[in-house]
Amino acid sequence: MASSETPDNPAPSTSPEAPTAADRGSTAAALEAARREKLAKLGELGVDPWGHRFDNVQSMAELRAEAEGMDPADQEGPTVRVAGRILLLRNAGRLVFLTLADRSGRIQVMLGKKQVGPEVWPVVGCLDLGDIVGVDGRLGYSNSGEITVFASSLTFLTKSIETPPDKYHGLVDAELRQRMRYLDLIHGDGVLERFTARIRIIEAVRRTLTDRRYLEVEGPTLHTIAGGAAARPFATHHNALDMPIVMRIALELHLKRLLVGGMERVFELGRVYRNEGISTRHNPEFTMLEAYEAYGNYETMMDLTEAIILNAAEAAGTPTQHAWMGKEIDLSAPFRRARYDDLLAEVTGCDPADPASVAAAAATREIETAGRHPDVIKSELFEATVEEKLINPTFVIDYPAGVCPLTKRKRDNPAIAERFELYVCGMELANAYTELNDPDLQEELFRTQLAGLDDDESMARMDHDFIKALRHGMPPAGGLGIGIDRLVMLLTGASSIRDVILFPIQRPQAE
RNA sequence: GGGGCCGUAGCUCAGCGGUAGAGCAAGGGACUUUUAAUCCUUUGGUCCAGGGUUCGAAUCCCUGCGGCCCCA
């Protein structure tokens, strides 16, 4: 590649090897050629266009705060140092204004021919939008009242060879924004802030748990049995062991092994993989929190869930009441708690205790009923009717046992499992159980599930090693799972999971 | 899986049967207080791909590719 190291061959477009922009007949090539000429010019000027260590940089936000306290007429502002990317460049002859951006914000820089001197001024002529520069100068206000760093020197830090997107609209095309997330982060309104909020949210989730003496662990992501949830796994193969491997679809069964191992309070924040559909709420890999607390139950986990969400909202700066998916959401705790059967009866008018009544209600909504487990029919009816009605955070509690093979049954009613799911805006955000710790019942439930349900419907994969662990004694416990991406959506107001995942899955770009 | 919408210059978009347009960006020129700077000027395209209809297709139809949305 042409670079500054060939000063005696300054402009690549004049090299016999490199076709001129016109030869290539492409605007993109012409734009690149213009930048490469400046790259070569920098070399001639003895400037390294790729830059070096640049210490003691102050953030734009810091400097803005400092300038707020200054008298705008003050000509003797402090000497400061900034570094950032050129987002805007206004050339007024022997005076050039830059809008420089770092991750904290933007600040204006003024470069004057007289002020920077004859050594540096030719370098100013090599600046393009997208270049990264460092500036030393005096902090103050321009004539029009803009906070400005009046440069006394300019340090070139990195040349950009590519043309940046439209300086005003930025990248609009959703495909390009995802394929070139780095540009989306630079130019997209609120994008960097949203992903920063995601980081704060995850920090808050972690802190909420560690403050409660939870231990954070890392379970295996390569499993031999895809257990702990109902989902199709990604399958692969381990060569040395010559055996099939699946990517994990849940964190559950290994965390429970650690409860057996006496860790008492454990959690994992990690990626899980499900080989299923892609939508505004589904990405094949997503981030899940699972937490298990010995001697607790699902009510313990409701309290924990509220604490996690409220702390996360605070960390993200999300007000208690805000709009999401076009609805007004109120995050005030305690969240509503409503029994599964009560909601189903309320919305559909059927009798949840009577399988025939449930089936009849399901049939009117074109849900397949023939030969299916009554609790599965009930579950589909619930999904089709009740979920969308749950706008404000609602703990749906006490699920039909038939769809909860890993959950402890109610002491007085074995048909009901001590499970809750948390819904907001019709979206499932969390799922929790009083954990089943009876190894014999667990094994039996795995078996009946395997016998009675399709793979897709069943959460059960017979896992003898897990049963063996339960046989050694897992303390009674509450367990919780939270979809972190969806939580971030809720707290940042994003309507698509792709807006909260830096690099969501995409088909490869056509050549 | 079913339905709808979209793909035109590096970016943002117009054109929707008569042979390619604008703004920004880029090149040249002017300007020492601009801020989406301004002014003058120049350049820039396999109209996603492949078929079809037509005297004529960016435009209409089909298929494919990529994307977005809705439903299951």
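Proteins get letters first, then strands, A, B, ... in listed order; numbering begins at 1 in each.
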Starting at atom NZ of A:Lys167, determine the distance to atom P of B:U12, rounded to an integer number of angstrom.
-> 16 Å
Determine whether A:Arg179 and A:Leu171 make a side-chain contact, defined as any pair of heavy atoms from C-beta on separated by less than 4.5 Å.
-> no
Which of B:G10, B:U33, B:C69 is nearest the side chain of A:Phe150? It is B:U33
So what does A:Thr99 hit on the nucleic acid, given a heavy-atom distance under 4.0 Å: a base, only sugar-phosphate, or nothing?
-> nothing
So what's B:A36 paired with, Watson-Crick or G-U wobble, going by both distances under 3.5 Å?
-> none
Separation of B:C65 P from A:Arg179 CZ (nearest whole Å) | 14 Å
Quantified in whole Å, what is the P atom distance between nucleotide B:G21 and nucleotide B:C47?
-> 14 Å
Could you tell me whether A:Asp375 and A:Lys378 make a salt bridge, using a distance below 4.0 angstrom between a side-chain N and a carboxylate O?
-> no
Less than 4.0 Å between a side-chain N and a carboxylate O, is that true for A:Glu346 and A:Lys389?
-> no
Pairwise C1' distance, B:U12 and B:U41 [rounded to whole Å] | 23 Å
Pairwise side-chain contact, A:Ile147 with A:Leu139, heavy-atom cut-off 4.5 Å (strictly under) | yes
If you look at every strand shown and take non-hydrogen atoms under 4.0 Å, does A:Gln115 touch a base, only sugar-phosphate, or nothing?
-> base
Classify the angle between the aromatic ring planes of A:Phe234 and A:Tyr273 as parallel (below 30°), tilted (30 to 60°) or perpendicular (above 60°).
-> perpendicular
Interface polar pairs with nucleotides 48-50 of chain B, N/O, under 3.5 angstrom:
none

Counting side-chain heavy atoms from CB outward, which of B:A36, B:A26, B:U12 is closest to A:Ala34?
-> B:A26
Is there a donor N/O on one and an acceptor N/O on the other, under 3.5 Å, for the side chain of A:Gln108 and the base of B:U34?
-> yes
For B:A58 versus B:U8, give the span between their C1' atoms, rounded off to a whole number of Å.
-> 7 Å
Rounded distance in Å between the C1' positions of B:G50 and B:A9 = 23 Å
For atom CG of A:Asp166 and atom P of B:A14, their distance in whole Å | 14 Å
Could you tell me whether A:Arg274 sits above the aromatic face of A:Phe286, with NZ or CZ closer than 6.0 angstrom to the six-membered ring centre and within 45 degrees of the axis?
-> no
Can you tell me, in whole Å, how much space there is between the P of B:C16 and that of B:C6?
-> 14 Å
Check every strand shown and say whether A:Gly170 touches a base, only sugar-phosphate, or nothing at a heavy-atom separation below 4.0 Å.
-> sugar-phosphate
Closest listed nucleotide, where the reference is the side chain of A:Ala174 and the choices are B:U34, B:C68, B:A26 | B:C68
Ion pair A:Asp55/A:Arg81, N-O distance below 4.0 Å = no
Considering only heavy side-chain atoms of A:Arg507, the closest of B:G67, B:C24, B:U12 is B:G67
Span that lies between the C1' atom of B:G51 and that of B:A57, in whole angstrom | 13 Å
If the plane angle is over 60° it's perpendicular, under 30° parallel, otherwise tilted; pick one for A:Phe420 and A:Phe395.
-> perpendicular
Provide the Watson-Crick or G-U wobble partner of B:A26, both distances under 3.5 Å; none if there is no partner.
-> B:U42
Counting side-chain heavy atoms from CB outward, which of B:A26, B:G66, B:U33 is closest to A:Leu129?
-> B:A26
Hey, which of these two, A:Gly112 or A:Gly145, hits RNA chain B nearer its 5' end, going by closest nucleotide?
-> A:Gly112
Find the distance A:Arg177:CZ to B:G66:C1' and express it as a whole number of Å.
-> 17 Å
Measure from CZ on A:Arg90 to C1' on B:C31 and round the result to the nearest Å.
-> 15 Å
Taking every heavy atom of A:Thr158 against every heavy atom of A:Trp50, the minimum-distance pair comes out as OG1-O, 3.8 Å
Among the candidates B:C68, B:C70, B:U32, find the nucleotide nearest to the side-chain atoms of A:Thr280.
-> B:C70
In whole angstroms, the gap separating P of B:A26 from CD1 of A:Ile161 amounts to 14 Å
Over how many whole Å does the gap from A:Met325 atom CE to B:C70 atom P extend?
-> 8 Å
Check the pair A:Gln108 / A:Arg90 against side chain to side chain donor-acceptor pair (under 3.5 Å), numbers first and verdict last.
-> CA-CA 10 Å; A:Gln108 173 169 274; A:Arg90 296 174 289 281; 2.7 Å; yes
Give the nucleotide from the list B:G27, B:A25, B:C68 with an atom nearest to the side chain of A:Lys38.
-> B:G27
From B:A25, B:U12, B:U34, pick the nucleotide closest to the side chain of A:Asp173?
-> B:U12
For B:U32, does OP1 or OP2 lie under 4.0 Å from any side-chain N or O of A:Arg94?
-> yes
Find which nucleotide of RNA chain B each of A:Pro164 and A:Ile278 is nearest to by heavy atoms, and output the residue with the more 5' nucleotide.
-> A:Pro164
Among the nucleotides B:G67, B:G10, B:U34, which one has an atom lying closest to any side-chain atom of A:Phe97?
-> B:U34
Can you check whether A:Lys113 has a side-chain N or O nearer than 4.0 Å to OP1 or OP2 of B:U33?
-> no
B:G1 pairs with which nucleotide, Watson-Crick or G-U wobble, both distances below 3.5 Å?
-> B:C71
Pick the C1' atom in B:C11 and in B:G17, then give their distance to the nearest Å.
-> 29 Å
Look at the side chain of A:Ser144 and the base of B:U33, then say whether one donor and one acceptor between them are separated by less than 3.5 Å.
-> no
What is the distance from NE2 of A:His282 to P of B:A72, rounded to the nearest Å?
-> 13 Å
If we take the C1' atom in both B:G7 and B:A49, what is their distance in whole Å?
-> 11 Å
